Amino acid sequence: MVTLVAITAPVDGVIVPLGEVPDPVFAEATLGDGVAIDPLGDTLCTPFDGEVVQCARSAHAVTIRHACGVELLVHLGLDTVHLEGAGIEMLVAVGQRVHEGEPLLRFEPDRLAREAMSLITPLIVVEPGGWRIDSRRGDRGERVRRGDTLLILEVAAQAATGPSRDTGPARERDVTLALESGLHARPAARLRAIAAEHAVELDVLAGERSADTRSLSSLMNLGLVNGDRVRLIARGENAEAALVAAGQLLESPEGGSHGGDVSRPLAQAGAGQWAGRVASPGLAVGPVVRYAPPLPEVPADGAGAAAETAALRDALAAVRVDLEDGMTRAERERHSSEAEILTAHLAWLDDPALAEAAERYIAAGRSAGQAWREALDDEAERLRATGNELLAGRVNDLRDLQRRVMACFGTPPVGPDIPEGAIVLADDLTPSQLIALAAARPAGLCLAAGGTTSHVAILARARNLPCLVALGPTLHEAAGEPVEAAILDAEHGLFEPRPSRERLTAVRERVEARRRRQESERETAHARAVTRDGRSIEVCANVAGAEEAELAAGEGADGIGLLRSEFLFLERDSAPDEEEQRREYQAALDALNGKPVIVRTLDIGADKQLPYLSLPAAPNPALGVRGIRLWRSQPELLDTQLRALVGVEPLDALRIMLPMVSDADEVRAVRRRLNELASELGLSATPSLGVMVEVPSAALCAASLAAEADFLSIGTNDLTQYTLAMDREDPDLAEQLDVLHPAVLRLIQATVKGAAGRCPVGVCGAAASDPLALTVLVALGIDELSVEPARVPAVKAALRELDAGALAEVLPDWLALDDGGAVRERLTAWLEARAAA
Ligand code: PEP
Ligand code: MG
């Protein structure tokens with residue numbers, strides 16, 4: 001039995017996949033799996049209802065326990081433990097009940113950006129087992145808003161209790177902590193890993209308090225600091241070895257972790273190529289332009305300390321007004337990342353150390369402008385010398401401020417003269433230079449320095465501007481001779497300033513084709529999709545609720561092919577009542593303005609539990625009570641949902657769909673109940689009732705299902721899983737779990753044949769969005785495809801290119817092939833040949 005837990009974004013920000021977090025303890029999932037967010041706000045909020053079970057002494061991390069037992073560590077920034085709480089305010093306490101969206105901690109973004117390694121905030125599920133990620137939102141760089149669902153976890157019931165304890169003889173060892181920052185998340189995770197590697201039970205005893213190393217939150221709650229004495233107690237065959245390893249860990253000063261290992265392998269640069277890090281993905285071709293902004297010219301010598309000091313103070317005040325105006329504008333125009341950066345500049349401006357350093361140069365005879373220049377040069381050098389990538393990245397912000405204040409005393413720098421479509425090469429850019437450059441619409445950016453977490457990177461991503469950073473100091477050589485066009489491949493991290501003519505032509509074609517394709521796909525997204533041979537295919541959208549339905553309508557969806565109603569039932573203490581459900585379904589119908597909306601009844605069961613439904617544990621959950629099988633034990637839940645559904649208007653736009661059907665009798669039972677409820681409510685008609693084909697029996701008995709149902713929709717995700725007997729969540733089987741396997745295709749064919757003439761057949765599994773698979777589906781006779789809202793334009797466009805009849809002619813031979821790989825090969829070759837013809 002499992003519970004579904006939705007983890008929401010604690011702050012507005014940009015998604016960073018855990019594997020890309022520049023700290024191996026997170027990237028390699030030593031602490032656990034999860035996701036990270038690059039915050040664009042100053043408050044981290046609670047990602048789900050629960051109890052605070054740990055607050056870091058240094059206020060940089062909080063652990064929340066969900067009612068089902070799963071614990072989530074919310075870790076503000078990287079290596080923030082060393083700040084000792086400076087710039088962070090903890091707003092909750094251990095033992096406090098918190099609700100989703102409630103503030104957990106507040107922080108000063110500029111200060112942390114200057115003083116910590118990174119603001120990237122990992123959210124980590126810290127239990128080693130008993131849960132798995134059911135769905136994961138978003139790609140790298142996707143902007144999310146606070147409260148958006150980032151992950152959905154399936155949590156097994158035993159996560160709440162944990163396995164039983166070994167009561168065998170114990171070995172002990174006393175150690176004195178030498179960990180510089182005490183027992184925080186990183187060493188706690190290592191301690192847990194040592195216990196697991198040695199298969200022992202390991203407890204840490206500190207005075208009266210003890211913690212089981214399986215629980216990171218209780219370990220961290222011990223609040224152990226450098227110099228504390230603790231007793232390690234291990235049970236199990238390898239207890240002695242585990243004690244030695246744990247002792248070594250706690251007695252060493254955590255060398256090498258400070259500052260983190262931020263380097264990830266670069267792409268292999270071939271001859272004539274530069275390898276860098278992808279700060280903003282994309283592909284660009286264009287002439288190379290070198291950008292090296294000069295500093296404003298200012299007089300070197302001052303006209304007396306008093307006058308120059310007053311002039312400097314006036315200049316700082318004027319720049320402050322400019323920055324504040326800029327912030328107001330950025331906030332009004334909702335450029336939150338820009339506002340955040342200007343806030344950082346204001347913080348530098350307020351730093352008394354910088355003003356004092358400049359005044360010392362004035363006292364030594366410099367002009368105000370020159371004194372400011374030298375003071376900020378020194379600070380930039382100091383930051384660079386730390387060797388910390390994030391701090392070095394902040395040098396840009398400092399340079400920006402240097403330029404702004406110097407401009408008060410000398411000739412302002414000339415604005416960038418960048419031709420549209422150029423690839424701009426620079427040593428580094430300040431954020432305001434990037435904003436000015438981006439306005440000139442370059443094709444991309446190549447920076448010799450910089451980091452992927454810098455403000456420049458964030459701004460480039462927000463502008464969809466391909467950008468490579470850290471290309472190295474030799475980058476200037478790339479701009480040496482005039483070249484026709486260079487290639488910026490910010491997908492593979494390569495810059496090619498002098499590509500061969502053939503290579504250039506090929507990449508240009510790719511870039512142009514991509515641009516044209518997206519443009520025309522969007523232009524025609526609202527029109528019907530008709531294949532070359534005249535088949536009209538409905539392209540609908542899969543959504544989680546009314547909000548996404550609105551998005552789908554905007555993308556040109558012909559309807560909603562699957563509204564997964566279980567999303568309405570998650571993260572709450574009781575099921576939504578009839579009125580709440582009705583409002584949500586009605587809003588989805590309203591968004592589609594008369595186009596059809598298929599609502600799937602609750603697909604929950606033995607392997608996907610809601611906390612308020614107590615169902616018996618199933619030994620084989622995927623084959624247990626799920627989907628339609630649930631109604632036998634929970635008839636009132638079905639009644640409420642059906643009542644809510646028949647309460648919407650217009651009823652003829654609504655279609656109800658039943659999940660996990662394995663025979664016609666199940667459909668007849670729901671039809672009977674639907675008719676009874678409709679007559680109780682005095683309705684003269686009932687909505688269409690459809691069936692999901694997700695198990696082989698449904699596919700093979702499609703004819704009898706089609707006799708009972710008004711439409712069929714193939715759930716290829718589950719149909720593939722059950723046909724191949726491969727768990728769709730098992731990463732080790734992911735490559736073999738192929739919808740193009742001839743066995744799956746034959747079942748799809750059987751479904752279409754069985755339904756022939758009786759009712760239409762759609763596909764709402766992921767195969768409907770897959771550019772290869774969708775062609776086969778249509779060739780097999782599918783009438784409707786339901787895809788992710790954002791894929792609607794591309795899917796419609798792909799259908800318009802397809803000669804489904806011609807593909808149908810060659811398909812029968814492919815259904816006799818050995819495996820999905822063989823089908824894929826034939827299909828790819830066939831599509832390429834047609835495209836070339
Ligand atoms: C499917 O199984 O293909 C389907 C669409 O349903 P779900 O992914 O929600 O199980
Ligand atoms: Mg399914």
Side-chain angles (χ1 to χ4, degrees), residues 2 4 6 132-137 149 152-154 538-545 548 552 557 559-570 597-610 621-630 641 655-662 666 690-699 702 705 711-730 733-734 737-741 743-745 747-748 751-752 761-770 773-774 776-777 780 782 784-789 791 795:
V2 298
L4 295 178
R132 63 184 179 179
I133 291 177
D134 182 48
S135 81
R136 204 183 270 274
R137 150 103 189 248
T149 298
I152 295 183
L153 304 183
E154 287 184 6
E538 250 185 79
V539 180
C540 297
N542 291 351
V543 299
E548 284 187 18
I560 297 303
L562 169 63
L563 187 152
R564 289 179 161 104
S565 71
E566 54 273 16
F567 281 90
L568 270 173
F569 289 71
L570 296 178
V597 173
I598 299 179
V599 178
R600 172 171 79 183
T601 53
L602 187 60
D603 184 14
I604 218 89
D607 72 330
K608 284 186 181 179
Q609 285 294 323
L610 298 169
L623 305 179
V625 177
R626 67 168 284 201
I628 198 167
R629 304 170 190 178
L630 184 65
Q641 187 164 31
R655 297 170 188 182
I656 298 175
M657 182 158 73
L658 308 174
M660 282 296 290
V661 170
S662 41
E666 291 167 323
V691 165
M692 285 195 80
V693 175
E694 296 176 285
V695 299
S697 64
L705 287 177
F711 62 93
L712 304 183
S713 183
I714 304 176
T716 45
N717 306 337
D718 276 319
L719 186 61
T720 310
Q721 149 167 276
Y722 292 120
T723 304
L724 302 180
M726 290 181 185
D727 188 336
R728 64 192 257 191
E729 299 296 337
D730 189 334
L733 298 173
L737 196 75
D738 192 346
V739 69
L740 290 179
H741 192 292
V744 183
L745 295 182
L747 287 175
I748 295 172
T751 308
V752 174
V761 183
V763 170
C764 59
S769 304
D770 180 296
L774 72 87
V776 175
L777 296 175
L780 284 171
I782 293 299
E784 177 242 17
L785 297 172
S786 192
V787 305
E788 301 311 317
R791 291 277 303 151
V795 168

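Just the heavy atoms: all of them, side chains too, but no hydrogens, waters or symmetry mates, feed the values below. Order of listing sets the numbers, starting from 1, for every ligand and every atom in it. Keep in mind that what you see is a predicted model, and the values were worked out from it rather than measured. We number each residue from 1, following the sequence as shown.
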**Student:** For a 4.5 angstrom cut-off between non-hydrogen side-chain atoms, does Val543 reach Phe567?
**Tutor:**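 When only atoms from C-beta onward are counted, Phe567 and Val543 do not touch, as no gap falls below 4.5 Å.
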
**Student:** Quick one: are Met657 and Val599 in side-chain contact, heavy atoms under 4.5 Å?
**Tutor:**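 Contact flag for Met657/Val599 side chains = no.
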
**Student:** Distance under 4.0 Å to a non-hydrogen atom of Gly715: what atoms of ligand 1 satisfy this?
**Tutor:**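 Close to Gly715: 1 (C), 2 (O), 3 (O).
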
**Student:** Taking the N/O/S atoms of Asp718 one by one, which is nearest to the Mg ion (ligand 2)?
**Tutor:**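 This turns out to be OD2.
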
**Student:** Compute the shortest N/O to N/O distance between Glu566 and ligand 1 and return yes if it is under 3.5 Å, no if not.
**Tutor:**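 Between Glu566 and ligand 1, no N or O pair is found under 3.5 Å apart.
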
**Student:** Check whether Asp603 reaches the backbone of Arg564 with its side chain - one donor and one acceptor, N or O, closer than 3.5 Å.
**Tutor:**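 No, Asp603 side chain to Arg564 backbone: no donor-acceptor pair under 3.5 Å.
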
**Student:** Do Leu712 and Leu705 have side-chain heavy atoms sitting under 4.5 Å apart?
**Tutor:**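 When only atoms from C-beta onward are counted, Leu705 and Leu712 do touch, with a gap below 4.5 Å.
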
**Student:** Can you sort out which atoms of ligand 1 are near Leu562, meaning under 4.0 Å from one of its heavy atoms?
**Tutor:**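 This gives 5 (C) as the contact atoms.
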
**Student:** For the residue pair Ser565 and Gln641, what are the closest heavy atoms and their distance?
**Tutor:**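 Scanning both residues, the minimum pair turns out to be OG-NE2, 2.9 Å.
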
**Student:** On a heavy-atom basis, I'd like to know which of Met660, Arg626, Met692 is closest to atom 4 (C) of ligand 1.
**Tutor:**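 Comparing heavy atoms across Met660, Arg626, Met692, the nearest one to atom 4 (C) of ligand 1 lies in Met692.
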
**Student:** Taking the N/O/S atoms of Glu694 one by one, which is nearest to the Mg ion (ligand 2)?
**Tutor:**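 Nearest N/O/S atom of Glu694: OE2.
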
**Student:** Which ligand 1 atoms does Arg564 reach within 4.0 Å, using its non-hydrogen atoms?
**Tutor:**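 With Arg564 as reference, the close atoms of ligand 1 come out as 4 (C), 5 (C), 6 (O), 7 (P), 8 (O), 9 (O).
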
**Student:** Please could you name the atoms of ligand 1 that Cys764 approaches to less than 4.0 Å, counting only its heavy atoms?
**Tutor:**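 Matching atoms, with element in brackets: 5 (C).
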
**Student:** Between Asp718 and Arg626, does any side-chain N to carboxylate O distance fall below 4.0 Å?
**Tutor:**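 The answer is yes: the pair qualifies as a salt bridge.
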
